[in-house]
Structures are given as C-alpha cells and as structure tokens.
2 protein chains.
Amino acid sequence: MPFIVGTPLPNPVPAEEHERCPVTAVLRRVGDKWTVLVVVLLGQRAHRFNELHRAIEDISQRMLTRTLRGLVEDGLVHREVFPTVPPSVQYSLTPLGRTLLEPLSALASWAVEHGDEIASARRPT
Amino acid sequence: MPFIVGTPLPNPVPAEEHERCPVTAVLRRVGDKWTVLVVVLLGQRAHRFNELHRAIEDISQRMLTRTLRGLVEDGLVHREVFPTVPPSVQYSLTPLGRTLLEPLSALASWAVEHGDEIASARRPT
DNA sequence: CCGTATCCATGCTGATACTG
DNA sequence: CAGTATCAGCATGGATACGG
C-alpha cells in the first residue's frame with residue numbers, strides 16, 4: 001500500500017506506513033551524495049575499485065566503500081573478487097540494478113528539463 | 001552536461017561538475033524524509049498547514065514547515081495567505097510541481113515492483 | 001492557526017593514517 | 001589493490017516551548 005501511485009492515501013497517514021513505504025525508501029537510498037553517479041558509471045561497464053576511485057575525482061576511499069557496500073547489500077550491484085596478487089575486485093550492476101536505470105533516466109530527464117526553473121525560482125531575476 | 005542521460009561522462013568526473021549536476025540535486029532534494037509524501041498529498045488537492053499536519057501522523061510542526069519552505073523556495077509549491085482571523089495558509093503544487101509527479105510515479109512503480117527484491121537481498125532467506 | 005526559537009541526538013561525509 | 005580504523009565537522013531530524 002505505498003504512496004504516489006494512484007491509490008488514495010489513508011488519512012491520517014500512519015507513521016509505520018510511511019516508514020515502510022518503498023517509494024520513500026528508494027528515494028532515500030538513491031538520494032545520497034554518490035550512489036547515482038556510481039550506478040551510472042557501473043551502468044556503462046563493470047569497474048574495479050580503484051577505477052571508480054579515479055573516475056570520480058573527489059570521492060574518498062571511505063565513501064566509495066560505503067556506497068558500494070550499500071548497493072551490494074541491496075542487490076543492485078554485484079561484487080566479484082579475483083584472487084590474484086595483488087587482489088582485484090570487480091563491481092557491476094545486477095539485473096535488478098540495471099532495471100533501476102530506466103526510471104532514473106526519467107527523473108534525470110525531468111531534472112535536465114526543469115533544473116533551471118528551480119534555480120531561477122531560488123534566485124529570482 | 002549532466003549525468004545519466006545518454007551522454008558519456010568525462011573521466012575523471014570533475015568535482016565541480018558533480019556538485020552542479022541537476023540529477024543529483026533533484027534526487028537529494030526529494031530524498032529527504034517528508035518531501036515526497038507532502039508533494040503527493042498536494043498532488044491530490046490543495047491543503048492548509050494544519051490539514052497537512054493532521055494528514056501526516058508523525059511529522060513535527062518544525063519539519064512540516066521546513067519541508068514546505070524548501071518546496072516553495074524551489075518553485076514546486078505555491079503558498080497563499082488568506083488574511084482571515086485566525087490566519088489561514090494554503091499550499092498547492094505549482095505547474096512545475098505537477099510536472100514532477102510523472103517521473104516520480106515512474107520511480108514509484110519501480111519501487112513497488114522491486115521493493116521486495118531489495119528487502120530479500122538485505123535479509124537473505 | 002501558523003508558525004519560530006532552542007536544544008539535542010543521530011547520521012552523513014571527509015581527512016588521515018594504517019593493513020592483508 | 002582494496003580496503004579498515006579513527007576522529008571530527010556539518011546536516012538532518014525531533015522535542016519542547018513560545019509568539020503574532
């Protein structure tokens with residue numbers, strides 16, 4: 001019984017229901033500083049850890065680790081360790097992760113199209 | 001030159017470019033605790049302040065104020081004061097705010113469809 | 001009715017240093 | 001190479017009290 005979709009909301013919206021709403025959960029998941037960028041990079045091709053680190057100029061090792069770990073835990077990213085010396089780890093989108101790209105693109109298109117309207121609303125000319 | 005859309009990303013992605021990426025900006029905007037729920041409620045009809053307060057069981061007055069103020073500043077919500085006694089204030093979506101509902105629904109559909117996969121990935125059976 | 005002001009707990013983010 | 005450990009700053013969120 002999640003929100004947004006056509007279904008009418010209960011009134012009042014109970015606390016617990018909002019906590020478990022998958023829509024809010026996904027947005028909060030993806031609304032942090034680095035997740036989307038990492039997902040997009042992995043959507044282009046698989047990357048190794050330091051490859052991502054170099055590809056994102058200002059991310060710290062710590063935040064890259066945390067971001068990837070979160071995505072792996074949610075089943076959106078696949079982590080594969082190759083037992084070479086030195087070790088190498090490859091990250092790639094899972095099938096589930098790839099399905100996320102489409103609705104993300106829809107929101108991206110909106111952002112591209114209306115981003116300047118928001119900016120001009122904030123700083124009126 | 002935002003991310004996600006078909007355009008290839010620079011390598012490395014410069015810090016400044018990521019800061020100003022409208023896609024990330026929108027997701028962080030909408031990725032807080034209450035914004036989406038408020039937008040959805042206002043998408044159904046205009047609400048007064050205390051109407052929203054009652055409609056969302058566990059939101060504090062402070063957070064409702066902050067959420068609404070942010071949306072108004074971004075031009076997504078319209079605030080209209082009626083000089084009655086006691087005063088009444090009505091909030092409604094602007095045309096820009098209404099256009100946000102559609103891409104949000106796309107992400108909502110994804111969340112509804114795949115939310116349980118994420119949940120089961122987190123707690124493997 | 002519609003907020004503000006204050007204080008506080010928690011979490012996100014980053015810098016730096018270190019390890020198998 | 002691919003992380004972990006520790007510490008610190010700032011932002012987010014909530015509780016409570018007060019004001020126009």
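Basis for what follows: all heavy atoms, side chains included, without hydrogens, waters or symmetry-related copies. Every chain is numbered from 1 and lettered A, B, ... according to where its sequence line falls, protein lines coming before strand lines.
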Counting distance alone, no hydrogens or angles: does the base of dG3(D) have a donor or acceptor under 3.5 Å from a partner atom on the side chain of Arg62(A)? no
Take the protein atom CD of Glu51(B) and the nucleotide atom C1' of dC1(C), then report the distance between them rounded to whole Å. 12 Å
Note: contacts of residues 72-86 of chain A with DNA chain D (heavy atom, under 4.0 Å) are Arg79(A), Pro86(A)
Arg123(A), CZ: over 12 other non-hydrogen atoms inside 6.0 angstrom: no
What is the separation between atom CD on Gln61(A) and atom P on dC12(C), rounded to the nearest whole Å? 20 Å
Could you walk me through whether Val30(A) and Leu107(B) pass the side chain to side chain contact (heavy atoms under 4.5 Å, CB included) check? CA-CA 11 Å; Val30(A) 157; Leu107(B) 208 80; 6.0 Å; no
Quickly work out the Asp58(B) CG to dG14(D) P distance and round it to whole Å. 7 Å
Per Arg54(A) side chain, nearest of listed nucleotides dC1(D), dT4(C), dG13(D): dC1(D)
Separation between OG1 of Thr65(B) and CG of Leu52(B), rounded to the nearest 0.5 Å: 10.5 Å
Counting side-chain heavy atoms from C-beta on, which of dT13(C), dG20(C), dG14(D) comes nearest to Trp34(A)? dT13(C)
Considering just the side-chain nitrogens and oxygens of Arg29(B), establish if one lies under 4.0 Å of OP1 or OP2 belonging to dT12(D). no
Take the protein atom CE of Met63(A) and the nucleotide atom C1' of dG11(C), then report the distance between them rounded to whole Å. 11 Å
If only side-chain N and O atoms of Tyr91(B) are considered, is one of them under 4.0 Å from the OP1 or OP2 phosphate oxygen of dC1(C)? no
Considering every strand and a 4.0 Å limit on heavy-atom distances, what is the contact class for Ser88(B): base, sugar-phosphate, or nothing? sugar-phosphate
Backbone N or O of Lys33(B) within a donor-acceptor pair of the His18(A) side chain at under 3.5 Å? yes
Euclidean distance, atom CD1 of residue Ile59(B) to atom C1' of dA15(D) [Å, nearest integer]: 14 Å
Taking the side chain from Thr94(A) and the backbone from Gly97(A), do they hold a donor-acceptor pair closer than 3.5 Å? yes
For a quick check of understanding: with a heavy-atom distance under 4.0 Å over all strands, which category does Arg66(A) fall into, base, sugar-phosphate or nothing? base
Taking only the side-chain nitrogens and oxygens of Lys33(A), find out if one of them lies under 4.0 Å from OP1 or OP2 of dG14(C). yes
For His53(B) and dC1(C), give me the distance from atom NE2 to atom C1', rounded to whole Å. 12 Å
Below 4.0 angstrom, N of the basic side chain to O of the carboxylate: do Glu73(A) and Arg29(A) qualify? no
Side chain of Pro87(B): nearest nucleotide among dC1(C), dT4(C), dT13(C)? dC1(C)
What is the separation between atom CZ on Phe49(B) and atom P on dG20(D), rounded to the nearest whole Å? 17 Å
Output the distance between atom CZ (Arg48(B)) and atom CZ (Arg54(B)), rounded to the nearest 0.5 Å. 8.0 Å
In this structure, how many angstroms lie between the P atom of dG3(C) and the CG atom of Leu52(B), rounded? 10 Å
Output field dot_bracket for DNA chain D (Watson-Crick or G-U, both distances under 3.5 Å, | for other-strand pairs) contains ||||||||||||||||||.|
